Amino acid sequence: MSPRLRFAPSPTGHLHIGGARTALFNWLLARHHKGQFILRIEDTDRERSTEEYTTSILKGMEWLGLDWDEGPFHQADRLDIYRGHIQKLLREGTAYKCFCTKEELDERRLTAQSRGEKPKYDGRCRQADQSQDKPYCIRFLSPDAGTTVVHDLIRGDVVFENKELDDLIIQRTDGTPTYNFTVVVDDVTMRITKIIRGDDHLNNTPRQIQLYNTFHYPVPEWTHLPLILGPDKKRLSKRHGATSVLAYKEMGYLPQALLNYLARLGWSHGDQEIFSKEELIAKFDATNIGKSAGIFNPEKLSWLNAHYIKSVPPQDLLKKTLPFLQEAGLKIEDEAYATQALQSLKERATTLKAFALEGSYYFQEDFPIEEGARNKFLTPDTLKLLREFRDRLIPLSPMNEILLKDIMTGMTEEKGVKLGALAQPLRVAVTGGTVSPSIYEVLTLLGKERVLQRLDRVLS
RNA sequence: GCUCCCAUCGUCUAACGGUUAGGACGCGGCCCUCUCAAGGCCGUAAUACGGGUUCGAUUCCCGUUGGGAGCGCCA
């Protein structure tokens, strides 16, 4: 039977790095085994769930290319299903009404904690008169004795004492069902066979298993992923800078770089570092997932991004980069020229955004000249050199890299100076800075007209 | 505090009782060179600690320490 997996984010925030990895692992395994990947939006918390976040999560998934076969399902549309299941438990006596107020519970929790005990519900409403006309929530009657064991694919059997588990609330006073309940009902009715989720859910799993058991439903296969931590070893959060997947898109990261990075954070395939999407699908295997938490390392992501930028085919370069060029206010008039310019830049770009930041001189005439560069390289002596270069350039037609090289090396040999003595001032004059691709390449790309214009600007 | 999980270079990881403990990012050096990158070569750096088991432990067991997660009418 082909496996069915799901990703079930709650729309109380953007799709973040950790969630994206969970989604990726589920997606990868589904694709690897030719199973189904289902997307479900867990929005039973009406207070904090928003439409905006739902859209953002979907956009994040699409950007990463994690396509789903079924859904997105919304829990908000499934309330009748949950209600039916709750009624069943109530009828069977495996759930009961609890009339304790939130304030009472808070108070008891505090006193338990101050006594050094685990703050759990004492089960006092198990005996309460169920026909009282007071606001109530509904609790699941969990067993007091025995153990519940979680068969986890990467951790083995994890045993929990049932006495550690209290009667959890499955329906709020306002009539809406809660997470630990809906997740079970959904996974059962959606026939999910493998559950891959964050480590933070491991402690919830025994109570979910108890729910499966009382419904006599088959228990799925569990895989709990170690968490992704920040540099301070705390759970990755907004405090650690950009954590939203879409933020990486905006910073100029390629989805493949993020996918590759995320796959290797917690999973490995020997010494291999670079994986295409197809390779990941072919090679991904839950048995090679590690057990320990990993720290998010932006440098390595950057390295991967630079790697993938180098491999973008020339014909795709402009399309991918255009939004960043436009954002920087650069106008693209000649697409063929722009493509060549980007091509010359791509060896040294770390992000797509860097093209606009570091190569703006390709697309505008009124770029500023860096103060330090001007002082160091545009001196009376070098201006003399530039003037001579200009004079030798004028009769040149056509202008190409070989001819330029001839002129420049000829000049520097005559003067007995190093090539850099001419190349750097020239670079400052035509790019405004001391860093650029090969000077021959830049000059050729820019073309004679523009080069002369820029030389005149610094010579006048 | 209680419950659960985890522990190899700074970071991501390889090793599935026998290796000079390997690779990658980062960092440093050299080469290349018109600058900066890229690339090539070299280097830096780890089995948390203490007990067992074993001819032999990174690997198996126990403990200690350290880190993380959970303990919500959040998911």
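No experiment lies behind these values; they were computed from the predicted model shown. In what follows, every chain begins at residue 1, and chains take the letters A, B, ... in the order their sequences are listed.
- A gap of 26 Å separates the P atoms of B/C4 and B/C12, to the nearest Å.
- Spacing of P atoms, B/U8 relative to B/C60, comes out at 13 Å, to the nearest Å.
- If you take CD of A/E47 and C1' of B/G72, they are 14 Å apart, rounded to a whole angstrom.
- Results of the side-chain hydrogen bond (donor to acceptor under 3.5 Å, both in side chains) test with A/E388 over A/R392, A/K384, A/R390 single out A/R392 as the only residue that passes.
- Look at the P atom in both B/G68 and B/C30: the space between them is 40 Å, to the nearest Å.
- The shortest non-hydrogen separation linking A/F140 to A/T94 is CD1-O, 3.3 Å.
- Look at B/U53: it lacks any Watson-Crick or wobble partner with both distances under 3.5 angstrom.
- The base of B/A75 sits with one of its N or O atoms less than 3.5 Å from a complementary donor or acceptor on the side chain of A/N204.
- Among the atoms of the strands shown, base atoms are found under 4.0 Å from some heavy atom of A/H201.
- Within the structure, the salt bridge (Lys or Arg N to Asp or Glu O under 4.0 Å) test picks out the following pairs touching residues 292-312 of chain A (sequence neighbours left out): A/E273-A/K300.
- The base of B/C34 lies close enough to the side chain of A/S438 for a donor and an acceptor atom to sit less than 3.5 Å apart.
- Pair assignment for B/G28 gives B/C42, based on Watson-Crick or G-U wobble hydrogen-bonding distances that are each under 3.5 Å.
- Computed from coordinates, the A/K163 NZ to B/C2 C1' distance equals 12 Å when rounded to whole Å.
- Straight-line distance from the NZ atom of A/K134 to the C1' atom of B/C73: 16 Å, rounded to whole Å.
- B/C71 atom C1' lies 10 Å from atom CD of A/E164, rounded to whole Å.
- Figure legend: cation-pi geometry between A/R207 and A/Y179 absent, as NZ or CZ is not positioned both under 6.0 Å from the six-membered ring centre and within 45° of its axis.
- Looking only at distances, no side-chain donor or acceptor of A/T205 sits under 3.5 Å from a matching main-chain atom of A/V150.
- Between A/L419 atom CG and B/C36 atom P there is a gap of 13 Å when expressed in whole angstrom units.
- Partners of A/H14 by ring-ring contact (aromatic ring centres under 6.0 Å, His included), not counting sequence neighbours, listed by chain and number: A/Y53.
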Seminar exercise, completed: A correct 5'-to-3' footprint of nucleotides 4-14 of chain B, with B, S and - meaning base, sugar-phosphate only and no protein heavy atom under 4.0 Å, is SSSS---SBSS

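- Comparing A/Q113 and A/C137 by the nucleotide of RNA chain B that holds the closest heavy atom to each, the one mapping nearer the 5' end is A/Q113.
- Taking atom NE2 on A/H224 and atom P on B/G70, their separation rounds to 12 Å, with Å as the unit.
- B/C71 is paired with B/G1 under the criterion used here, namely a Watson-Crick or G-U wobble arrangement in which both key atom distances are under 3.5 Å.
- With P as the reference atom, B/U44 and B/A24 are 14 Å apart, rounded to whole Å.
- Each of A/D186, A/T189, A/T182 was checked for a side-chain hydrogen bond (donor to acceptor under 3.5 Å, both in side chains) with A/Y82, and the lone residue meeting it is A/D186.
- Taking the C1' atom of each, B/C27 and B/A45 are spaced 10 Å apart, rounded to whole Å.
- In a base pair of the Watson-Crick type (N1 to N3 plus N6-O4 or O6-N4) or a G-U wobble (N1-O2 and O6-N3), with each distance short of 3.5 Å, B/U19 is matched with no nucleotide.
- Listed pair A/R109 / B/C73 meets the phosphate criterion, a side-chain N or O lying under 4.0 Å from OP1 or OP2.
- Among the protein residues, A/K418 comes within range of no part of the nucleic acid, since none of its heavy atoms lies under 4.0 Å from any strand.
- The side chain of A/K102 has B/C73 as its nearest neighbour among B/C34, B/C73, B/A75.
- Rounded to a whole angstrom, the distance from the C1' atom of B/G43 to that of B/A75 is 48 Å.
- B/C73 atom P lies 15 Å from atom OH of A/Y179, rounded to whole Å.
- Between A/D43 and A/P11, the shortest heavy-atom contact is CB-CG, 3.8 Å.
- Taking atom C1' on both B/U13 and B/U59, the two are 16 Å apart, rounded to the nearest angstrom.
- Each of A/L301 and A/R235 lies near RNA chain B, and the nucleotide nearest A/L301 is the one positioned closer to the 5' end.
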For this session: Could you check A/F275 against A/F284 for ring pair (Phe, Tyr, Trp, His ring centres under 6.0 Å), going step by step and ending with a plain yes or no?
Result: CA-CA 10 Å; A/F275 296 86; A/F284 191 81; 9.7 Å; no

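- With hydrogens and angles ignored, a donor-acceptor pair under 3.5 angstrom links the side chain of A/T173 to the base of B/C73.
- Looking only at distances, a side-chain donor or acceptor of A/K346 sits under 3.5 Å from a matching main-chain atom of A/V312.
- Figure legend. B/U64 is base-paired to B/A48; pairs are counted as Watson-Crick or G-U wobble with both atom distances under 3.5 Å.
- A/N180 comes within contact range of at least one nucleobase, with a heavy-atom separation under 4.0 Å.
- Separating the CZ atom of A/R46 from the C1' atom of B/A75 is a distance of 14 Å, rounded to the nearest angstrom.
- At the phosphate of B/A75, OP1 or OP2 sits under 4.0 Å from a side-chain N or O atom of A/T44.
- A/L227 comes within 4.0 angstrom of sugar-phosphate atoms only, judged by non-hydrogen atoms across all strands, and of no base.
- Comparing the P positions of B/U54 and B/C5 gives a spacing of 28 Å, expressed to the nearest Å.
- Residue-level contact check: A/P206 touches neither bases nor backbone, having no heavy atom under 4.0 Å from any strand.
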